[in-house]
Amino acid sequence: MTLAAALLPRLLGKLPISIPMVFLAAGIIVFALIPDLPDPHPSDHPDITLHLTEICVLVSLMGAGLAINRPLRWRTWSTTWRLLAITMPLSIAAVAVLGWVGLGLGAASALLLAAALAPTDPVLATEVQVSEPVDDENADDEVRFALTSEAGLNDGLAFPFTYAAIAISMVGLAPSAWFTDWFLIDVLWRITIGVIAGIGTGWLFGKLFFSTRLSGKKVVDQAEGFVAIAAIFLAYGIAETAEGYGFIAVFVCAVTIRASERGHGYHQVLHKFVEQIERLLTIAVVVLLGGAIARGLFADIGWIEILVALLILLIIRPLAGWIGLTPGKTGPRERTVIAFFGVRGVGSLFYIAYATQNGYFPDGDRLWSIVGLVIVGSIIIHGLAATPTMRLIDATRHRVTRRRGGDHTDIATTPV
């Protein structure tokens, strides 16, 4: 499996097939053909599911942050802010109503479903994200940048809504019983601590490796990619110890490290190491998801659940994305692609695992089935569409740039 993880990216090349698609199928086949393998249903192994998906998301967040070449400024990140402030709440509201009315879930379970399916996953969306750190801060086109930065931040911003679902499951729907503590602690305090912990940890690592005072000691030249793992756990540990959001801290830490010395080649070392670890963890999660499917994860799935999954992937996210980005700096084609590629994945599994261990959700098994169905649908639909869509958008951008008389340095910033 490790050998396949190393060879598949080159073997698949430009085919419209993603690595998660291959290993999802492999997991289904292996667990179907070998009945002696243990049942990998996530509800039967809650602790393993929680921590495996948690580590997978953390590593992916570090990789996403290190890959972003664009400096953090209000205007240059305007597309990201729109996706976080408009698209994400609209998606949560729509999925919650759909879960309550369409699936007959209770209020807490419907909100949990919406919160778990809110993040754009940084793990399974690599085909449509920024690929690697480079010297040019304008190298990231708007589509790849928006999807990478959105995935980096909204994985942590889904946590307040998850906590709201947990609170409702424990004390009831009445806002007087939970809203004040939730808003002050789970929203304001935890987000603020996550950002501060990420900036502080990133600044510390930036000084350690890129400080002029230490440059003569060649600290960077002697360091390995393992430092990225240290940064992940230090940022996460500090944030979580202070009751903040570790997911936010890790992504902010990575972006801060990247900004410390933007042109240094050590960013490539860090990113390459994180990318390799991320690929192995992703394969493990996807294979186990395939195994759970083979052992009956979708046994109770009917047409209503399939319809809801398709509505989430093909209607709710694209429509919410289009609304959030209109008007904006993106062209109509870019807007369509960004809105469509709201990939759902490992982060959703983590939130269901976390909430079902910390709250009371009688619909727990059904939530696992529905979220698993949406993830599989995302793997297939977005996996098939990613390569040809990005190839088409790149070709269109080249054509528009040439028609406007620009050169190759203008391609990434040309709206289409």
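Residues take their numbers from the sequence shown, with the count starting at 1. For the numbers below, each heavy atom of this structure counts, side chains included, while hydrogens, waters and symmetry mates do not.
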Distance only, no hydrogens: is a donor on one side chain within 3.5 Å (strictly under) of an acceptor on the other, for His382 and Ser378?
yes
Side-chain contact, heavy-atom cut-off 4.5 Å: Met88 with Thr120?
no
Report the C-alpha distance between Leu98 and Leu103 in whole Å, list the side-chain angles of each, state the deciding distance to 0.1 Å, and finish with yes or no for side chain to side chain contact (heavy atoms under 4.5 Å, CB included).
CA-CA 7 Å; Leu98 189 62; Leu103 294 173; 5.9 Å; no
Test: side chain to side chain donor-acceptor pair (under 3.5 Å). Region: residues 88-100. Which pairs qualify, not counting sequence neighbours?
none
Side chain of Thr389, backbone of Ala386: donor and acceptor closer than 3.5 Å?
no
With side chain to side chain contact (heavy atoms under 4.5 Å, CB included) as the test, would you mind laying out the steps for Phe340 and Leu314 before giving the verdict?
CA-CA 7 Å; Phe340 175 73; Leu314 301 180; 4.0 Å; yes
Keeping Asp121 on the side-chain end and Val346 on the backbone end, is there a donor-acceptor pair under 3.5 Å?
yes
Atom OG1 in Thr282, atom CD1 in Ile19: separation rounded to 0.5 Å?
9.0 Å
Give a yes or no on whether the backbone of Pro327 and the side-chain of Arg335 come within a donor-acceptor separation of less than 3.5 Å.
no
Counting only heavy atoms from other residues, nucleotides and ligands, does the tally under 6.0 Å from CH2 of Trp189 exceed 12?
no
Enumerate the side chain to side chain donor-acceptor pair (under 3.5 Å) contacts for residues 26-41, please, sequence neighbours excluded, ordered by first and then second residue.
His41-Ser43
Do any N or O atoms from the side chain of Thr76 and from the backbone of Pro71 form a donor-acceptor pair under 3.5 angstrom?
yes
Taking only residues at least two apart or on different chains, which pairs with a member in residues 175-196 satisfy salt bridge (Lys or Arg N to Asp or Glu O under 4.0 Å)?
Asp186-Arg190, Arg190-Glu243
Please report the interatomic distance CG(Leu72) to OG(Ser149), rounded to the nearest 0.5 Å.
9.5 Å
Using the ring centroid of each side chain, check whether Phe159 and Tyr163 are separated by less than 6.0 Å.
yes
Trp81: ring pair (Phe, Tyr, Trp, His ring centres under 6.0 Å) partners, not counting sequence neighbours:
Trp74, Trp77
Pairwise distance OG(Ser369) to CG(Asp300) - rounded to 0.5 angstrom:
6.0 Å
So, Arg366 and Glu305, do they make that salt bridge, N to O below 4.0 Å?
yes
Under the 3.5 angstrom rule, does the side chain of Ser109 hit a backbone N or O of Leu105 as a donor-acceptor pair?
no
Atom pairs and distances, side-chain donor-acceptor, residues 227-242, under 3.5 Å, sequence neighbours left out:
residue: Tyr236; atom: OH; partner: Glu54; partner atom: OE2; Å: 2.1
residue: Glu240; atom: OE2; partner: Gly246; partner atom: N; Å: 3.0
residue: Thr241; atom: OG1; partner: Gly237; partner atom: O; Å: 2.6

Salt bridge or not between Arg317 and Glu150? Use side-chain N to carboxylate O under 4.0 Å.
yes
Any donor and acceptor pair, going by atom type alone, linking the side chain of Ser348 with main-chain N or O of Ala116 inside 3.5 Å?
yes
Looking only at atom types and distance, does a side-chain atom of Glu334 sit under 3.5 Å from a main-chain N or O of Gly331, one as donor and one as acceptor?
yes
Would you call Asp141 and Arg144 a salt bridge, using N to O less than 4.0 angstrom?
yes
Does any N or O in the side chain of Arg82 come within less than 3.5 Å of the main-chain N or O of Gly321, such that one atom is a donor and the other an acceptor?
no
For Thr356 and Ile352, the nearest pair of non-hydrogen atoms, with its separation, is OG1-O, 2.7 Å
When the side chains of residues 56-68 are checked against the rest of the protein, which donor-acceptor pairs come out under 3.5 Å, sequence neighbours left out?
residue: Ser60; atom: OG; partner: Pro122; partner atom: O; Å: 2.7
residue: Ser60; atom: OG; partner: Val123; partner atom: N; Å: 3.3
residue: Ser60; atom: OG; partner: Glu278; partner atom: OE2; Å: 3.3

Test log, rule side chain to side chain contact (heavy atoms under 4.5 Å, CB included), inputs Phe273 and Val269
CA-CA 6 Å; Phe273 180 82; Val269 177; 5.8 Å; no
